[in-house]
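Predicted, not measured: the structure shown is a model, and the values here were computed from it. In what follows, chains are A, B, ... by sequence order, proteins preceding strands, each numbered from 1.
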Amino acid sequence: MQSETPKKIFSSLLVIILDVNPAQDTLLSGEIKLSSILSSVVAFANSHLMLRTHNKVAVLASDPNSCDFIYSDQDELDFKKKTVSSCKMGGSQYELFSHIDRSIKFNIMKFLKDAAEEPHMSRDTVFGASCAKALCYINRLQNNLYPGETMNSRILIISGCDNEGDKYIRCMNTFFTAQKQNVAIDVCSLTHDVTLLKQACYITEGSYFRMPKLEGLLLYLQWIFLTEPSSRKKLVIPLAPQLDFRPFCFCHGTLTAIGFVCSLCLTIYCKISPICTTCEAVFKVRSAIAVKPKKKKIKTTSVNN
Amino acid sequence: MTSSEDVLLQVGPVRHKKGDGTLYVMSQHVAFILNSSDTVAISHHYRDIKMQKISSEFKNKVQLQLVFHDETISLFQFTNSERSEAMRDRNRVKDLIQQLLPKYQKQANKEFGEKSRILGENRMLFQLYQDLVITHVITSEEFWSQHVPYHLATQSKVITQKTGVPNNFLTNVTVKSDGTKKFNLSNDTIQCIFKTYPAVRQKHIEYVPHQLTESEFWQKFLESHYFHKDRITTGSTKDLFNDCAKLDDNLFKNEIKDLSKNKTDCYVGSIEDDGSDDNINSISEEKSSMANIVHENIIKRFNQHSMMVLKTCEKSNLNSLPNGNDLKVPSNSSNLNGTPDTALKRLRIQEKNGYEDLNPEAETLDVNQKKLKLSRVESYVNCLTREHKHDNTTSKLSKAREVQKSIIYDVNEWSKTTSNQVIEPSVAVNTLGLLTPGGSLMKGISDESASLAQLVPVTVEKDLRQLYVSLGELLRHFWSCFPVTTPALEEKLMKTHDSLQKFQNAKIKPFEDQIIINHGQLNQLTNHLNLMLHTAYNKFSVWHSRRKIPNIL
């Protein structure tokens with residue numbers, strides 16, 4: 001009797017982080033409705049599930065104050081418990097799809113209503129927190145896998161905001177965590193070129209795409225982001241844009257080409273300062289640097305003479 | 001307590017608090033001894049005295065008043081029977097105290113300033129002072145001598161956060177070799193040298209200033225082999241730092257041993273190769289290959305230097321961490337019994353499995369992890385909060401608040417509908433146009449090569465593959481002839497060159513023609529093949545032209 005080798009199951013987990021921040025320029029100007037973005041996202045999530053029976057999907061809504069799952073494995077459990085009886089609407093639709101549709105519709109309303117209670121103090125969506133939450137979720141599912149089951153995971157951020165540099169360290173830390181966990185971060189930016197998110201894609205080997213026009217989101221999503229990052233190399237898809245590797249300095253929040261980094265806490269400054277403001281370490285500024293302005297002065301005086 | 005002091009002036013009889021006695025003005029104290037006893041009744045230190053007052057000329061009693069810092073008063077009445085005598089006594093005392101007071105007052109002021117600074121900086125101490133001293137629970141002296149140092153000591157422990165040693169500190173020692181050598185050693189650099197090379201510090205303590213002056217010592221240090229790159233320790237030279245080098249070597253060897261015990265670090269291997277025992281020993285033996293030794297020495301020194309620089313960081317908390325020795329397995333025991341190895345293994349497995357961050361106890365056990373102390377955690381985490389964009393932000397935020405309502409309305413409407421069209425057909429077509437090769441989003445992608453993979457039929461691809469295989473074989477033989485050293489090779493080269501040309505004419509040309517006939521265009525399919533051929537032809541022609549010259553001569 002030969003024991004049967006365990007069946008190998010490949011699956012792919014897609015966590016979509018959807019920016020529902022009302023202060024992002026796309027929603028603020030009214031160029032695109034959140035409902036149309038949402039319907040594209042639902043359709044995209046469904047098409048991801050269609051690729052393979054074991055594929056999983058989760059959707060996170062995120063704004064400057066909070067982030068929360070609007071579709072996760074909890075909702076999936078609900079579906080499994082209710083079984084067939086739940087499919088009332090759209091008799092022709094696959095039960096799971098209509099369930100996802102309904103769950104997202106219900107949860108997003110709840111999220112938006114909760115968000116409206118508390119006024120936003122900042123315009124910047126919490127990408128760091130949402131990515132961290134997504135990574136925790138991925139990690140949990142990864143640990144619950146059956147033997148012989150392998151799962152690739154990736155995160156897709158859909159955003160129309162111009163988040164530049166705020167909460168830089170927090171975001172970067174989560175991006176590097178994602179890199180360590182082998183989780184690719186894809187970004188579909190609706191209007192702006194966001195350096196921070198570009199760097200996220202670069203670090204985690206995901207794809208970055210900025211939509212030229214605010215239409216046809218679903219098509220872009222399906223064309224560029226439906227395939228797994230490993231197989232994207234074999235496809236003809238738009239090239240990754242030029243990436244700005246400059247970091248943001250802590251003192252003024254500007255992009256710096258040459259930064260001065262505190263050797264203790266890694267704070268970045270655009271100018272040399274003898275005392276690090278974050279950890280109060282004292283540095284000896286070498287005399288060579290201090291001498292320079294003197295020389296200049298001498299020169300100018302000699303010219304004047 | 002006042003016996004050892006010089007008595008500057010002795011005045012009597014003086015009455016103090018209804019007791020007659022003698023007043024002594026001494027170098028540090030004013031003391032009063034009752035006539036009836038030998039012991040000192042009162043003794044006031046000058047630093048406690050704020051000022052002195054004297055009774056007016058017209059008053060009956062001739063008195064001297066000492067006012068202290070805590071506003072208490074001490075009164076002395078000069079009771080000489082002659083009023084003029086009493087006046088004279090008092091004035092002598094007054095003058096002397098007047099001379100002595102300013103010296104101590106200055107000191108007191110300085111101390112007072114220091115104390116107020118400490119109290120100002122430390123809220124807790126200030127609170128203590130208010131609760132204990134002002135309410136007379138303890139005296140001010142007790143407070144400052146016993147309570148404050150303890151608090152200050154505990155506080156200062158928290159603050160210290162040292163910066164490490166820069167890797168390149170020795171490069172700052174610039175050497176100008178224009179006739180006379182000149183070394184610049186700053187105090188920082190000296191401290192760095194001490195930190196990284198403890199042996200030098202030991203030497204410094206031993207020799208300076210008993211046998212050498214400070215500058216002589218550093219001159220010797222810089223000139224010695226210890227500082228220079230080729231540190232071959234030959235016993236013959238009488239050098240101060242010879243044994244320093246030996247000490248360092250021993251330290252280094254021990255370190256390597258320790259490191260090789262737990263091979264978790266990736267940089268260990270490289271040190272091992274360069275500085276293992278064999279290499280160190282062989283240095284003195286093989287004198288023939290000097291250059292090699294010099295190289296090895298330099299690499300060894302670099303590694304050592306880096307190691308020492310890194311170690312300076314650990315050193316500061318090494319004392320407070322008893323656990324640090326647990327990792328160091330004694331070298332003998334590891335061969336005899338397997339227990340240390342298993343312990344190490346267990347440790348390594350533990351490292352892999354456990355999340356130290358999540359374990360609250362791990363904090364105290366962790367050896368190498370140094371805690372970073374931040375004064376502004378918020379700015380460290382958040383980078384910074386920018387103010388200058390603020391007005392823009394607030395206006396957008398207020399607008400966002402309005403938009404929020406319409407968004408909720410919109411989504412609410414959407415959630416009620418059952419089916420909706422996600423994308424309009426015309427938009428979909430446009431988008432597809434953008435995304436297909438040739439579209440505006442596909443700029444910069446070499447669509448020829450990409451589309452070629454789809455355009456070329458299987459048969460053509462098969463032929464092309466065959467062409468590559470054969471041409472590759474020919475080229476391999478061609479390139480293997482270089483450099484041409486023997487007549488046999490020369491002959492072979494000529495042959496392969498001919499066969500290359502033949503191959504091009506017989507195979508590649510017909511293939512190209514066929515593609516043009518069948519598909520209308522060549523599509524750069526054979527570009528690479530031709531490139532390889534031309535490179536080979538160029539090489540051949542260069543070789544040929546050079547070779548002919550000796551023949552003619």
Side-chain angles (χ1 to χ4, degrees), chain A residues 20-23 27-28 30 33-36 38-40 42-43 89-90 105-106 108-109 112-113 115-116 119-123 165-170 212-213 215-220 223-224 236-239 248 250-253 263-265 267 277-284 286-287, chain B residues 159 161-164 166 172 186 188 372-377 379-386 389 393 396-397 399-408 410-416 418-424 427-428 430-432 434-437 439-445 447 450-451:
Chain A
V20 296
N21 180 5
L27 294 178
L28 214 55
K33 280 181 180 173
L34 186 60
S35 59
S36 79
L38 274 166
S39 50
S40 295
V42 171
M89 295 182 283
K105 276 173 179 171
F106 178 74
I108 188 72
M109 272 316 291
L112 286 175
K113 275 176 185 163
H120 295 160
M121 300 312 290
S122 154
R123 285 186 57 224
D166 260 25
K167 291 157 193 139
Y168 182 70
I169 294 286
R170 204 182 290 181
K213 265 193 217 166
E215 51 180 25
L217 173 63
L218 176 62
L219 215 62
Y220 288 120
W223 197 271
I224 298 163
V236 187
I237 51 173
L239 280 178
F248 295 92
F250 279 41
C251 40
H252 305 92
S263 59
L264 275 174
C265 65
T267 304
T277 52
T278 348
C279 67
E280 287 187 346
V282 180
F283 295 98
K284 280 132 195 170
R286 229 172 280 150
S287 56
Chain B
I159 297 167
Q161 182 156 272
K162 277 183 197 160
T163 54
N172 297 341
S186 68
D188 298 338
L372 186 63
K373 284 145 206 147
L374 298 169
S375 61
R376 286 165 58 197
V377 178
S379 87
Y380 178 70
V381 176
N382 282 349
C383 184
L384 84 169
T385 47
R386 272 166 292 162
K389 268 190 175 178
T393 310
K396 280 200 174 177
L397 276 178
K399 200 182 171 193
R401 195 94 182 112
E402 290 164 27
V403 171
Q404 202 163 27
K405 282 169 199 155
S406 64
I407 287 173
I408 290 176
D410 165 50
V411 173
N412 197 22
E413 284 296 303
W414 168 73
S415 64
K416 282 173 192 160
T418 46
S419 68
N420 47 41
Q421 195 179 24
V422 177
I423 188 164
E424 276 178 42
V427 173
N430 283 343
T431 315
L432 270 181
L434 293 176
L435 283 168
T436 38
S440 66
L441 285 175
M442 300 314 236
K443 274 176 196 162
I445 294 176
D447 40 78
S451 57

Going by heavy atoms in the side chains, are B:L434 and A:Y220 under 4.5 Å from each other?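 Yes; the side chains approach each other to less than 4.5 Å.
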Under 4.5 Å to a heavy atom of chain B? For A:L28 that would be both
Would you please name every residue forming a side-chain hydrogen bond (donor to acceptor under 3.5 Å, both in side chains) with A:E215, sequence neighbours left out?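 For A:E215 there are no side-chain hydrogen bond (donor to acceptor under 3.5 Å, both in side chains) partners, ignoring immediate neighbours.
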Spatial distance of atom OG (B:S406) from atom CG (A:L27) [nearest 0.5 Å]: 8.5 Å
Toward chain B, the part of A:S36 with a non-hydrogen atom under 4.5 Å: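 Neither part, no heavy atoms under 4.5 Å.
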At a 4.5 Å cut-off on heavy atoms, which part of B:I423 comes close to chain A: side chain, backbone, both, or neither?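 Only the side chain of B:I423 comes within 4.5 Å of chain A.
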Side chain, backbone, both or neither: which part of A:A43 has a heavy atom under 4.5 Å from chain B? side chain
B:E413, CD atom: more than 12 neighbouring heavy atoms under 6.0 Å: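 Atom CD in B:E413 is packed in, count exceeds 12.
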